[in-house]
Amino acid sequence: MIRLTELRLPLEHSEEALREAVLTRLNIPSEALKSFKIARRGYDARKRGHIVLVYSIDCDVTDEASVLAAHEADQHVRSTPDTTYHLPQATLPEGMPRPVVIGAGPCGIMAALTLAQAGLKPIIIERGKEVRARTVDTFALWRKSVLTPESNVQFGEGGAGTFSDGKLYSGVSDPRNLGRRVIEEFVRAGAPEEILYVSKPHIGTFRLVTMVMFIREEIERLGGEYRFETRVDGFDMEGEGAERRLRGLRLSTGEALPAERVILAVGHSARDTFEMLRDANVAMDAKPFSIGVRIEHPQSVIDTARFGSYAGNDLLGAADYKLVHHASNGRAVYSFCMCPGGQVVAATSEIGQVVTNGMSQYSRAERNANSGIVVEVTPEKDFPNDVLAGVELQRKWEKAAFVAGGGDYRAPAQRVGDFLAGRPSTTLGDVVPSYQPGVTPTDLTLCLPDFVSDAIREALPRFERKLKGFSMDDAVMTGVETRTSSPIRLQRDRDGQSPTLRGLFPAGEGAGYAGGILSAGIDGIRTAEWLAASL
């Protein structure tokens, strides 16, 4: 097969035009093209009046060698890469306990699936509930202001990614095409096949729920075992220094579980687990993350700003955006986890705190677009004293948001016009905030560091220059967005293990090695391979 890239056609081209473009680019007669399929489809909307579709096409031709030779100088005509995944080969030594995966988010799921497919029958430990029961608890916070600390947006089967836009694209380096394997497994679990070729694939919350259940059933069919509502509270270890090894886990159920190979795939909000790891002298470092707000606009405003007269085109769908501004106070301000046609959701996991996040369904058909507008914070500048000081910084502003919102899990909110003018909001305008269980108009500077407020206030007019309507007076900002990434990174060596606790394999977003569903899944596969190699 030949991979043809950067094939550009008008947005509303005919089906036959794609075949003709392939023939023209390869300079071959029609009978020489046996078949072709779309490997990737994106769009270039830099010129609103001239949006084009950009394709990568896999072509089956009669004389592949001659075609490749004729286009040797063309970097956009190459052999189709082999993306076949080969499972790790490993056998559990007699008498060794089964491998354990802690956490059933995207990283843990893909790690457990890889181990199960390799015949290693992993045990998966998840502090939260299975995904259906977890959904009931999550809706209880959104609809009734009732928080279940162990079952919410952050904790439970599927991880934080379950209640998100379900984005499946990432900027991480992926030379082995492990991201392709993640997406293929998701399609096998029920995701739409289009995620195999669209440039910015997404799934949406409701589809993620059923996919997570399918993958669980597959892992169990292969001999894996799930233990829900079970938290890891400690380690059993032996040896000292570089020779210290993991021998077992102490569970919240009171059980001591023998374990010598453990993938730690907790999410970025497992704060008590971070404390347990610190107390066990597992090597970790404080790392940067970001703090800010969620901003909402009518989706129609974003569509028009991005696509002009093409707004509403089915192939383009609901428009997204990616924005960044380097503020005069030395901080970067950027859009984060943009959710077209979605809603802002309550994402706290601790009592007496307010946290926001964004979510969309597959249709992306809700009235508002939302995105985090966040500002970087760093250990060097903002929390230098302790490895877990970033956690305390998050908690400080989440508690302030709880108070500013009224003390009942409503979130503090402010019109953009009021925020820019430096005055509290007393009412809201035409943009109706989607956050449940509701918002309280107020002054967001009450629950943000001054440097964050200053940087966002400077950035909004700059973003307006890129997207007309972005700083409209009635756009709504809701606080606070603090769980952008893990505030710590667990150290791991070249074979994926903790240098201070052999047999422990830190992985995924909570360990500081991923940021989103796809990169977490990639890291889960890679970590499962490391575990298998250690056997």
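Between the side chains of Asn152 and Gln154, no donor-acceptor pair is found at a separation under 3.5 Å. No side-chain N or O of Arg207 forms a donor-acceptor pair with one of Gln361 less than 3.5 Å apart. No donor-acceptor contact under 3.5 angstrom links the side chains of Gln353 and Thr348, judged on distance only. Inspection of the Lys287 and Ser485 side chains reveals an N or O donor paired with an N or O acceptor under 3.5 Å. For Ser471 and Arg462, the side-chain atoms include no donor-acceptor pair closer than 3.5 Å. Tyr334 and Ser290 form a side-chain donor-acceptor contact under 3.5 Å, judged by distance and modelled atom types alone. Under the 3.5 Å distance criterion, with hydrogens and angles disregarded, a donor-acceptor pair is assigned to the side chains of Asp285 and Gln491. Checked by atom type, the side-chain pair Arg78/Thr5 shows no donor-acceptor distance below 3.5 Å.
For an aromatic pair to be called close, the ring centres must be under 6.0 Å apart, and Tyr321 with Phe470 satisfies this. A centroid separation of less than 6.0 Å is found between the aromatic rings of Phe307 and Tyr43. Ring centroid separation for the pair Tyr409 and Trp142 does not come in under the 6.0 Å cut-off. Between Phe289 and Phe336, the distance separating the two ring centers is not shorter than 6.0 angstrom.
Listed for the Thr500 side chain is a donor-acceptor partner under 3.5 Å among the backbone atoms of Ala283. Between the side chain of Asp44 and the main chain of Val52, no donor-acceptor pair closer than 3.5 Å is present. In this structure a side-chain-to-backbone donor-acceptor pair under 3.5 Å is present from Glu126 to Ala104.
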*Report the C-alpha distance between Leu490 and Leu277 in whole Å, list the side-chain angles of each, state the deciding distance to 0.1 Å, and finish with yes or no for side chain to side chain contact (heavy atoms under 4.5 Å, CB included).*
CA-CA 9 Å; Leu490 294 169; Leu277 293 164; 3.9 Å; yes
_Audit row: Arg134, Thr148, side chain to side chain donor-acceptor pair (under 3.5 Å) steps and yes/no_ = CA-CA 9 Å; Arg134 174 197 180 195; Thr148 303; over 6 Å; no
_Steps toward side chain to side chain donor-acceptor pair (under 3.5 Å) verdict (Thr440, Thr442)_ = CA-CA 6 Å; Thr440 300; Thr442 185; over 6 Å; no
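The residues Glu194 and Arg40 are annotated as not salt-bridged, no charged nitrogen and carboxylate oxygen being separated by less than 4.0 angstrom. Between Arg395 and Glu392, at least one side-chain nitrogen of the basic residue sits less than 4.0 Å from a carboxylate oxygen of the acidic one, meeting the salt-bridge criterion. Checked for salt-bridge contact, Arg492 and Asp523 meet the test: a charged N lies under 4.0 Å from a carboxylate O. A salt bridge links Asp272 to Arg127: one of the charged nitrogens lies within less than 4.0 Å of a carboxylate oxygen.
Partner Arg294 forms a side chain to side chain donor-acceptor pair (under 3.5 Å) with one of Asn370, Thr478, Thr356 and no other, that one being Asn370.
For Asp137, the salt bridge (Lys or Arg N to Asp or Glu O under 4.0 Å) partners two or more places apart in sequence, or in a different chain, are Lys129. Asp386 meets the side chain to side chain contact (heavy atoms under 4.5 Å, CB included) test with Arg278, Leu388, Ala389; sequence neighbours excluded.
Within 6.0 Å of CG on Asp450 lie no more than 12 heavy atoms contributed by other residues, nucleotides or ligands. Other residues, nucleotides and ligands contribute more than 12 heavy atoms inside 6.0 Å of the NE2 atom of His76. Annotation for Lys466: atom NZ counts as buried by contact number, over 12 foreign heavy atoms lying within 6.0 Å.
For the pair Arg181/Thr83, no side-chain contact is recorded, criterion being any heavy-atom separation below 4.5 Å from C-beta on. Between Ser434 and Met359, every side-chain heavy-atom pair lies at or beyond the 4.5 Å cut-off. By the 4.5 Å heavy-atom criterion applied to side chains, Phe419 and Arg457 are counted as neighbours.
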